[in-house]
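Model, not experiment: these values are computed from the prediction. Excluded from the calculations below are hydrogen atoms, water molecules and symmetry mates; all remaining heavy atoms, backbone and side chain alike, are included. Within every chain, numbering begins at 1; the chains are lettered A, B, ... in the order of the sequence lines, protein sequences first and strands thereafter.
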Number of protein chains: 2
Amino acid sequence: MKIGELSKRTDTPVRMLRYYEEQGLIHSERLPNGYRSYEDYVVDRVRQVRGLLEVGLPTRIIKQILPCLDSSKAIYLPYVTPDMIETLERERDRMAEKIECLTKNHRAISDYLEAVSHEIRAS
Amino acid sequence: MKIGELSKRTDTPVRMLRYYEEQGLIHSERLPNGYRSYEDYVVDRVRQVRGLLEVGLPTRIIKQILPCLDSSKAIYLPYVTPDMIETLERERDRMAEKIECLTKNHRAISDYLEAVSHEIRAS
DNA sequence: TCAATGTGTGACATTGGTGTGAGGGTCAAG
DNA sequence: CTTGACCCTCACACCAATGTCACACATTGA
């Protein structure tokens, strides 16, 4: 697929798709005319990238952890450096913290909305 | 307490504390000499703000939802506008999405690290 | 063929969170 | 009284993600 379709399917500005490629987060082939051509799996990839960006990870880190999140992990297993392991462990822990923070605040908002809805019904 | 102590207790640059105040996220009194003076509860407040920033919420949104996360919710219940409710519901849903994303990726990284550690033990 | 749409590159602007430094008060300890 | 640590404001700089615009070429459909 070409960049326009990928853009629609991922609800992502074309500008950003090119940016993600520049940052090494996604890959494209080129058609004879120079147009970018994407394989289907890139759709999921982009969605994953966007999700990680949304939760505050910079592209630098995303680029590092993405390969480890592929189903074809086996390929990468032998090449892992201690340095990489450290990064992954740190990110894993940071993610756990974020999950905790989000969960707490999510519940607080839910509770609040719940209370408000009762208030309305009572008035 | 003065800004230096708050900075230490929250592990937050003084610069940022003043910024958060400018954005209306925290409050300070002023001592006779012009120094900022904070009440104890601000420590938790700052930690909460930082957590929310880390998970990608902009100060604009944080400012809106913070009042609803206080324990003294009752005070705010009567003043809630439909507009505010909408914002809260949207943020609640976005948080849920983020939690899902983080959970998924957290598990993936954990699994990966697990696999790697086995690999190492086997070699 | 012409117009509209899609794509390419490149450059500049913007935004939000953050860093940093200048220049100047406050205050406590030596 | 002076020094050092702390505080004030203000301004400029930075970075990463994103928006926007200009200009050129490709594709497609009327």
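- Look at CD1 on Ile3(B): it is 9 Å from P on dT9(D), rounded to the nearest Å.
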Please list each protein N or O that sits under 3.5 Å from an N or O in nucleotides 28-30 of chain C, with the distance.
none

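- A 4.5 Å side-chain heavy-atom check between Tyr38(B) and Thr10(B) finds every atom pair outside the cut-off.
- Between the CD atom of Glu54(A) and the P atom of dA17(D) there is a distance of 13 Å, rounded to whole Å.
- Nearest approach of Cys68(B) to Leu88(B), heavy atoms of both residues: SG-CD1, 3.8 Å.
- We find that CZ of Arg18(B) is positioned 13 Å from P of dG19(C), with the value rounded to whole Å.
- At a threshold of 4.5 Å between non-hydrogen side-chain atoms, the residues Val49(B) and Leu66(B) count as touching.
- As rounded to whole Å, 14 Å separates atom P of dA17(D) from atom CD1 of Ile26(A).
- For dT9(C), one of the phosphate oxygens OP1 or OP2 lies less than 4.0 angstrom from a side-chain nitrogen or oxygen of Arg30(A).
- Sorted by first and then second residue, the pairs that involve residues 90-106 of chain B and meet side chain to side chain donor-acceptor pair (under 3.5 Å), not counting sequence neighbours, are Gln48(A)-Asn105(B), Glu54(A)-Arg94(B).
- When rounded to the nearest whole Å, the span between CG of Leu17(A) and C1' of dG8(C) equals 14 Å.
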- Task: Scan nucleotides 25-30 of chain D nucleotide by nucleotide, 5' to 3', and note B when protein non-hydrogen atoms come under 4.0 Å of the base, S if they reach only the sugar-phosphate, - if neither.
- Result: -BS---
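- Atom NZ of residue Lys8(B) and atom NZ of residue Lys2(B) lie 10.0 Å apart, to the nearest 0.5 angstrom.
- Here the P atom of nucleotide dG8(C) and the CD atom of Glu29(A) are 13 Å apart, to the nearest Å.
- Of all the residues in residues 87-105 of chain A, not one reaches under 4.0 Å from DNA chain C with any non-hydrogen atom.
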Please write out each protein N/O paired with an N/O of nucleotides 16-18 of chain C under 3.5 Å, distance rounded to 0.1 Å.
residue, atom, partner, partner atom, Å
dG17(C), OP1, Thr59(B), N, 2.7
dG17(C), OP2, Tyr19(B), OH, 2.7
dG17(C), OP2, Thr59(B), OG1, 3.0
dT18(C), OP2, Tyr20(B), OH, 3.0
dT18(C), O4, Arg15(B), NH2, 3.1

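- The salt bridge (charged side-chain N to carboxylate O under 4.0 Å, His left out) check on Arg47(B) picks up Asp44(B), with sequence neighbours excluded.
- Residues Arg107(B) and Asp111(B) form a side-chain contact, since some pair of their non-hydrogen atoms from C-beta on lies under 4.5 Å apart.
- Side-chain atoms of Ser7(A) come within 3.5 Å of backbone N or O of Thr12(A) as a donor-acceptor pair.
- Among all heavy-atom pairs drawn from Val116(B) and Val80(A), the shortest one is CG2-CG2, 4.2 Å.
- Residues His27(A) and Arg45(A) are not in side-chain contact: their nearest non-hydrogen atoms beyond the backbone lie 4.5 Å or more apart.
- Remark: Arg36(B) is not in phosphate contact with dC7(D), judged by side-chain N or O atoms under 4.0 Å from OP1 or OP2.
- Rounded to an integer number of Å, the gap from Leu6(A) CG to dG6(C) P is 15 Å.
- In this structure, Leu6(A) CG and Asp11(A) CG are separated by 11.0 Å, a value rounded to the nearest 0.5 Å.
- Residues Val43(A) and Met1(A) meet the side-chain proximity criterion, which asks for heavy atoms closer than 4.5 Å.
- Two residues are said to be in side-chain contact when any heavy atoms from C-beta on lie closer than 4.5 Å; Val14(A) and Arg36(A) fail this criterion.
- Rounded to an integer number of Å, the gap from CG of Leu31(B) to C1' of dT26(C) is 11 Å.
- Considering only heavy atoms from C-beta on, Met95(A) comes within 4.5 Å of Ile65(A) through its side chain.
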